[in-house]
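Small disclaimer: the values here were computed from a predicted structure and weren't measured. A, B, ... follow the sequence lines: proteins, then strands. Residue 1 opens every chain.
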Amino acid sequence: MELLRFTTAGSVDDGKSTLIGRLLYDSKSIFEDQYAAIEESSKRKGDATVNLALLTDGLRAEREQGITIDVAYRYFATPKRKFIIADTPGHIQYTRNMVTGASTANLAIILIDARLGIQEQTHRHTIIATLLGIPHIVFCVNKMDLVDYAEDVFENIKADIEAFASKLNVIDIRFVPISALKGDNVVHPSENMPWYQGSTLLYLLETIHIGSDHNHIDCRFPVQGVIRPQSTEYHDFRGYAGRIASGIFKPGDEVVVLPSGFTSTIRAIHTFNGEIEEAFAPMSVTITLTDDIDVSRGDMIVRENNQPEVSQDIDLMVCWLHEKPLQPNGKYAIRHTTNDARCLIKEVRYKLDINTLHRHEEDKVIGMNDIARVKIRSTKPLLYDRYARNRETGSLILIDEGTNETVGAAMIL
Amino acid sequence: MQKTYSLTHLQELEAEAIYVLREVAAQFERVGLLFSGGKDSIVVSHLARKAFFPAKLPFPLVHIDTGHNFPETIAFRDSYCRKIGAELIVGSVQESIDQGKVVEEKGYNASRNVLQTVTLLDTIEREKFDAVIGGARRDEEKARAKERFFSHRDEFGQWDPKNQRPELWNIFNGRKQFGEHFRVFPISNWTEMDVWQYILAENIELPSLYFSHQREVFARDGVLMAASDYIPRRDSEKVEKKVVRFRTIGDITCTGAVESAADSVEKIIAEVAASRTTERGTRADDKRSEAAMEDRKKDGYF
């Protein structure tokens, strides 16, 4: 059974929480005691029906204010797949949460209110999903019950989005007309929309092809640590532990260790359950080499004829995560793959308007939730790929050296 | 046919957990692995063995002992540590009570569950841990749904849900000030079902309490509790012999049993699949208020 990680973006009024509640409820992933608890809360608040949205509003502040302020992770399974939902608030002031949820997702669900059509936030959600390299986007036109399940409403919205998406680098987009409240086309096919011949949302989630989402071409193995048992049985064992970021590794492969540039050959790929014949992303393994060379955390094992970029001057698209704005000419700590470095902000090129894609070259104050193109210089060369090609080696975070907080999330251009 | 390069969900979750465990070893100086003898902490310790193989487990197991244990849990804990060659560190709630650091609750629903927080924080301080690994999962409870893999705690051990570091991609930021520490949850993304399927797939040994057995129990607020000297009973609470098993294993005073004939991992999986209540539905500690878990976590609970 495969695992699909998806994110949902939408505002309070889009019915996002109701949709997730519906998915969980109709796929029988809600337990009786959870249902009893929200039934009780709904009654106390005077709601006429059980409010499925309450299932996903975790923290007390959120329950009180009726808003979702953080990324919440939800889990459900059907006989076909396991799902991890990163449930994120869609309002502009929570862009950072959307970015966080999107960073690990294979698929994004973007909700549109059928009565309102494309909104500014629809653009924003689509742009963020694209920027974060999510391979599949599903647009759910929700509240179809409030527009009499009219086909032309759905078709017009679909045409509008297709026109807009053609300007973006979207890999795979789908459209489903739904009513999260009534359950149409979420888990069960709708009887109210006989004109819609496509899949229900759940069927799409269960069947969309995700096998090719990992990069199996560029071999990248960032070393997490060195394993030296120092026991009699494994006296000379020196293994490099890590998770394969991309590509496929096999014993006998000739490899280069960066940044040193030493070449060697993979002797074996070890796991607790024995040696294996090949390893691919995202497996966690331990690699031994035939030569005794100096390899440590932060190094990267790659193939000679396919090497990452190596540079200290790097262009980034940064999403700012912290209240304290980005300091032009400021210094930050960097964490990239298993490597640490420091960097200097050399230049803020422009701020990106994430509702319109407009580049503001004059406004260079980068505050929380802003997305900006930035040039940095790092204290040592980073081993990276462009984010669009490799999400693992193309992403990094910026850390405030005074507070140690994570302040920026960056995609390498 | 072209070969497909994809992992099953269990393989992917395992790879993620091993990656997290290796990050902990790399980013922190002194790490402890919280071990309750329950299935989640057993699975985490199993994953840790796999992560560092063929080297030995690089951190000690840490048991916060309320003193109100099922004897089966302690027997299992000791034999398990011997078997895997792990060092065991015990933090005792009884000691915290004797030292006057905490006061025992009174009444019928008295439990040492809340007191554990003080003992845990004392143990972290005494052992100078800068990270402790736990087996908490996000699917367990709604306050946990927003927990990070690397969860920052201030110098008082407190969790501030409004000030958690964003976690993007697979990059974990374990930088901290002196005196602060991290809680790390490698199986955050696992569900109860995933844990059971993994136990079956890896043939992991568990305490006998998880499997169906005969036990003297009594009903309280719809939950079956083990008859024990640690739990005072009302006159109306009649002890009966029933065939039961436990879905979670915690302190005896707040861990409820379910009637079950499931005596193997396969049968438990079938039971979990058909089950209509969450496993924490048998935990008296969560039922105190709608935000019971959130409040305890803010104070430094597991």
Side-chain angles (χ1 to χ4, degrees), chain A residues 1-3 31-34 37 41 58-61 63 70-75 77 82 84 96-97 99-100 103-104 211 214 216 224-225 227-231 233-234 237 241-243 248 270-272 280 282-284 286 297 321 333 335-336 338 391-392 395-397 399 404-406 409, chain B residues 4-19 22-23 25-26 49-56 138-139 142-147 152 161-173 175-177 180 188-191 193-194 275-278 280-281 290-291 294-295:
Chain A
M1 201 157 62
E2 280 177 319
L3 181 64
F31 294 107
E32 274 170 4
D33 53 338
Q34 289 174 319
S41 302
L59 301 177
R60 188 186 341 228
R63 284 197 297 279
D70 202 339
V71 186
Y73 295 89
R74 314 280 160 200
Y75 303 85
K82 291 271 314 177
I84 300 179
R96 64 184 202 131
N97 303 83
V99 168
T100 303
S103 74
T104 50
H214 281 286
H216 291 311
Q224 269 188 294
I227 292 186
R228 283 191 301 163
Q230 292 170 320
S231 59
E233 193 185 348
Y234 295 96
F237 188 95
R243 190 174 187 186
I248 300 160
H270 307 260
T271 72
F272 183 82
F280 50 90
M283 289 169 70
S284 285
T286 300
R297 177 173 168 85
L321 308 170
R335 193 150 278 181
H336 169 249
T338 57
R391 286 170 96 180
E392 305 296 322
S395 52
L396 61 85
I397 59 169
I399 298 166
N404 293 325
E405 287 173 295
T406 304
Chain B
T4 57
Y5 290 97
S6 70
L7 299 179
T8 66
H9 73 286
L10 284 183
Q11 290 170 329
E12 189 169 337
L13 291 171
E14 179 192 67
E16 177 180 82
I18 288 176
Y19 173 79
R22 288 168 166 177
E23 278 305 289
R49 285 174 74 199
K50 294 186 92 161
F52 302 101
F53 175 83
K56 282 215 301 199
R138 287 172 177 155
D139 84 319
K142 53 193 168 188
R144 291 218 203 267
K146 305 191 173 183
E147 185 58 279
H152 177 257
K162 291 209 174 105
N163 190 28
Q164 286 288 300
R165 293 176 183 177
E167 264 175 5
L168 296 108
W169 300 290
N170 298 306
I171 310 177
F172 299 109
N173 173 6
R175 290 171 58 121
K176 63 194 176 311
Q177 314 283 350
E180 298 175 344
S188 287
N189 275 333
W190 299 43
T191 61
M193 183 55 109
D194 297 330
S275 162
R276 299 303 299 143
T277 58
T278 63
R280 292 198 82 90
E290 202 180 350
E294 188 180 339
D295 291 340

May I ask you to name which of B/Ala26, B/Pro54, B/Pro166 has the most heavy-atom pairs under 4.5 Å with chain A?
->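 Looking at each option in turn, the highest pair count goes to B/Pro54.
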Output the option from B/Leu10, B/Asn170, B/Ile171, B/Leu13 having the highest count of non-hydrogen pairs under 4.5 Å with chain A.
->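 With the most close heavy-atom pairs to chain A, the winner is B/Ile171.
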Would a distance-only check, ignoring hydrogens and angles, find a side-chain to backbone donor-acceptor pair under 3.5 Å from [X] to [Y]?
X: A/Gln224; Y: B/Tyr19; value: yes
X: B/Arg22; Y: A/Gly225; value: no
X: B/Asn189; Y: A/Ile84; value: no
X: A/Ser103; Y: B/Trp169; value: yes

Looking at residues at least two apart in the chain, or sitting in another chain, which of them share a salt bridge (charged side-chain N to carboxylate O under 4.0 Å, His left out) with B/Arg175?
->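 Residues passing salt bridge (charged side-chain N to carboxylate O under 4.0 Å, His left out) with B/Arg175: none at all.
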[X] versus chain A, the contacting section by heavy-atom distance below 4.5 Å:
X: B/Glu167; result: backbone
X: B/Ala25; result: neither
X: B/Gln11; result: neither
X: B/Glu180; result: neither
X: B/Lys56; result: neither

Lys/Arg N to Asp/Glu carboxylate O, B/Glu23 vs A/Arg243, below 4.0 Å =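 Salt bridge absent between B/Glu23 and A/Arg243.
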Salt bridge between A/Arg74 and B/Asp139, side-chain N to carboxylate O under 4.0 Å?
->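 Salt bridge between A/Arg74 and B/Asp139, a charged N being under 4.0 Å from a carboxylate O: no.
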Any luck finding a side-chain donor-acceptor pair between A/Ser284 and B/Lys50 under 3.5 Å?
->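 There is no such pair between these side chains.
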Relative to the ring of B/Tyr5, is the ring of A/His216 parallel (under 30°), tilted (30 to 60°) or perpendicular (over 60°)?
->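 The arrangement is tilted - the two ring planes meet at 30° to 60°.
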Counting only non-hydrogen atoms closer than 4.5 Å, does [X] touch chain B with its backbone (N, CA, C, O), its side chain (CB onward), both, or neither?
X: A/Gln230; value: neither
X: A/Tyr73; value: both
X: A/Ile397; value: both
X: A/Ser231; value: neither

